[in-house]
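See below for the structure under consideration.
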There are 4 protein chains.
Amino acid sequence: MKLETTVPIYLQVGEEIKKAIVTGKVKPGEKLPSARELALKYTINPNTAARVYQHLEQEGIAMTKRGMGTYVIENQDLTDQIRIGMAQELVSHFVGNMKELGFSEAEIVKLIEEER
Amino acid sequence: MKLETTVPIYLQVGEEIKKAIVTGKVKPGEKLPSARELALKYTINPNTAARVYQHLEQEGIAMTKRGMGTYVIENQDLTDQIRIGMAQELVSHFVGNMKELGFSEAEIVKLIEEER
Amino acid sequence: MKLETTVPIYLQVGEEIKKAIVTGKVKPGEKLPSARELALKYTINPNTAARVYQHLEQEGIAMTKRGMGTYVIENQDLTDQIRIGMAQELVSHFVGNMKELGFSEAEIVKLIEEER
Amino acid sequence: MKLETTVPIYLQVGEEIKKAIVTGKVKPGEKLPSARELALKYTINPNTAARVYQHLEQEGIAMTKRGMGTYVIENQDLTDQIRIGMAQELVSHFVGNMKELGFSEAEIVKLIEEER
DNA sequence: GTGGTCTAGACCACT
DNA sequence: GTGGTCTAGACCACC
């Protein structure tokens, strides 16, 4: 077992934005808040905010236009694909953990259906 | 959104042990490693290791006998119940996250069944 | 016969505070001194002072709000109940000791009535 | 408030013996165990055991005869008096504590009568 | 050996 | 400021 360390803030905030993009709360082509705004919103360091966008750009989900700000990529297919990817990641972790607890797939499904 | 902070070490290690108990890797009545051993195993401070057991005792899943060590509680019902509780917590978080990503319950179940 | 050992400091100080609470010297909802103040007042380690409040919280008689301090629980019924419990404990020990000395209940009562 | 420290062992053991004397479990004139025996019985240091008798002698309840051991004083009046003294001490502490908790004498008596 | 307690001092998160 | 956590090292009581 490895002891967890804090997830870097820029990743945490990045996930939050990805989620907004992927669920359509922010549309393709739409402008994201400036790094400065982001820093205020989450009360984080502006450098960290800049790193958030840097990271989203690396993932191909955002695009920075010099002097104009950062925009959501205009590629619905890609955002859909990322949404699926995030879901699969969640599913995979979740199923793994449940199996560690000794639950079968059938039991897992049953518990989910009971959850409401 | 709240930025995640590190989960305290004593809770992380505690969860690990709880998992071992509820899945039967450690049997009811069995002796757990001494606080000092635990400290060596995870390279944490003996005080922190002691806190792990203190916490497990508060949760009613372990019992400590002065000068003799810490033991898994002899109550299969309770450990079963805790196992269910841990599972429900996982399910609840997972389903919450998936719904934030816009997945319906049916879709969630489908993804799990595809996962293998 | 068991030789008495020192009662842990955090319990002694805790009892002192409990007494102040149940007798109304500190009112429900009132703020208790910060752990650091407590440490200075009793010249104990801040960790030990923190443990005092940790323990009072476990007993349900205090509530701590992160970054804001520790407060007396707002539940007069509970504090009354604890007051009764503390008294019963005292009575039980006292009567036990007196009976060991060979006094009957009637004699005990008589001695108390003479005491003034 | 003063933090309690451990009551010296020789006093604790001394109280135990006084109790036995005063309640007639050990008769006036009877020989008490040797310091060596006492040390074994309570697993204390022989010096500490010797100090126990020294203390009982100072209180006038025991008498050491050179080379013959320590004996309970042959004075029933005195032992009775000490028994009363011990009781009064207990009563006084007890009543004091109860009053600190806000109980009146009448309430104290009532609680004792309820205690069985 | 075991756990229980305490001190000393540090860093962090929350308000 | 507040409490929460952690390390480091010490001493003690119990078995």
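Sequence lines set the chain letters: A, B, ... in the order given, protein chains first and strands last, and positions in each chain run from 1.
Each of C:Leu11 and C:Met68 was matched to the nucleotide of DNA chain E holding its nearest heavy atom; the match closer to the 5' end belongs to C:Leu11. The nearest heavy atom of DNA chain E to B:Arg66 and to C:Asn47 marks one nucleotide each, and the one closer to the 5' end goes with B:Arg66.
Distances shown here put every side-chain N or O of B:Tyr53 at or beyond 4.0 Å from the OP1 or OP2 atom of E:dG3. Between B:Tyr10 and F:dT5 there is a side-chain N or O to OP1 or OP2 distance below 4.0 Å. The phosphate of F:dT7 (OP1 or OP2) has a side-chain N or O of B:Thr48 nearer than 4.0 angstrom. Phosphate proximity of E:dG4 to B:Thr64: present, with a side-chain N or O under 4.0 Å from OP1 or OP2.
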Between C:Leu101 and D:Leu90, does the side chain to side chain contact (heavy atoms under 4.5 Å, CB included) criterion hold? Intermediate values first, please. CA-CA 10 Å; C:Leu101 277 182; D:Leu90 283 177; 3.9 Å; yes

Show, in sequence, the C-alpha distance, side-chain angles and deciding distance for B:Met63 and B:Glu74, and conclude whether the side chain to side chain contact (heavy atoms under 4.5 Å, CB included) test is met. CA-CA 9 Å; B:Met63 234 191 81; B:Glu74 297 214 47; over 6 Å; no

Please lay out, stage by stage, how B:Val72 and B:Lys27 fare under the test side chain to side chain contact (heavy atoms under 4.5 Å, CB included). CA-CA 7 Å; B:Val72 178; B:Lys27 304 285 180 222; over 6 Å; no

As a check on the pairing definition, encode DNA chain E in dot-bracket form, counting Watson-Crick and G-U wobble pairs whose two distances are under 3.5 Å, and using | for partners outside this strand. ||||||||||||||.

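Summarising the geometry, atom CD1 belonging to C:Ile84 is positioned 7.0 Å from atom CG belonging to D:Leu111; distances are rounded to the nearest 0.5 Å.
Atoms CZ (C:Arg51) and C1' (F:dC6) sit 15 Å apart, rounded to a whole Å. In this structure, C:Gln12 places its CD atom 12 Å from P of E:dT5, rounding to the nearest Å. Between the CG atom of C:Leu38 and the P atom of E:dC6 there is a distance of 13 Å, rounded to whole Å. In this structure, NE2 of C:His55 is placed 13 Å from P of E:dG4, rounded to the nearest angstrom. Regarding B:Ile44, its CD1 atom lies at a distance of 7 Å from the P atom of F:dT7, rounded to whole Å. Atoms OH (B:Tyr42) and C1' (F:dT7) sit 19 Å apart, rounded to a whole Å. The interatomic distance linking B:Lys65 (NZ) with E:dG1 (C1') rounds to 16 Å, in whole Å. For C:Tyr71 and F:dG3, the OH to C1' distance is 11 Å, given to the nearest whole Å.
One cannot find a donor-acceptor pair under 3.5 Å joining the base of E:dG9 and the side-chain atoms of C:Asn45. Between the side chain of C:Arg36 and the base of F:dG3 there is at least one donor-acceptor pair of N/O atoms closer than 3.5 Å.
C:Ala50 comes within contact range of no nucleotide atom at all, as no heavy-atom separation falls under 4.0 Å.
Using cut-offs of 30° and 60° for the angle between ring planes, the B:His55 and B:Tyr10 rings count as perpendicular.
Proximity of A:Phe94 to B:Val91: side-chain heavy atoms (C-beta onward) are separated by under 4.5 Å at one or more points.
Taking a 6.0 Å sphere around CZ of C:Arg83, one finds it holds more than 12 heavy atoms contributed by other residues, nucleotides or ligands. Counting heavy-atom neighbours within 6.0 Å of D:Lys41 NZ, excluding the residue itself, gives a total of 12 or less.
Candidate nucleotides F:dG3, E:dT7, F:dC15 were compared by shortest atom distance to the side chain of C:Ser34, and F:dG3 ranks first.
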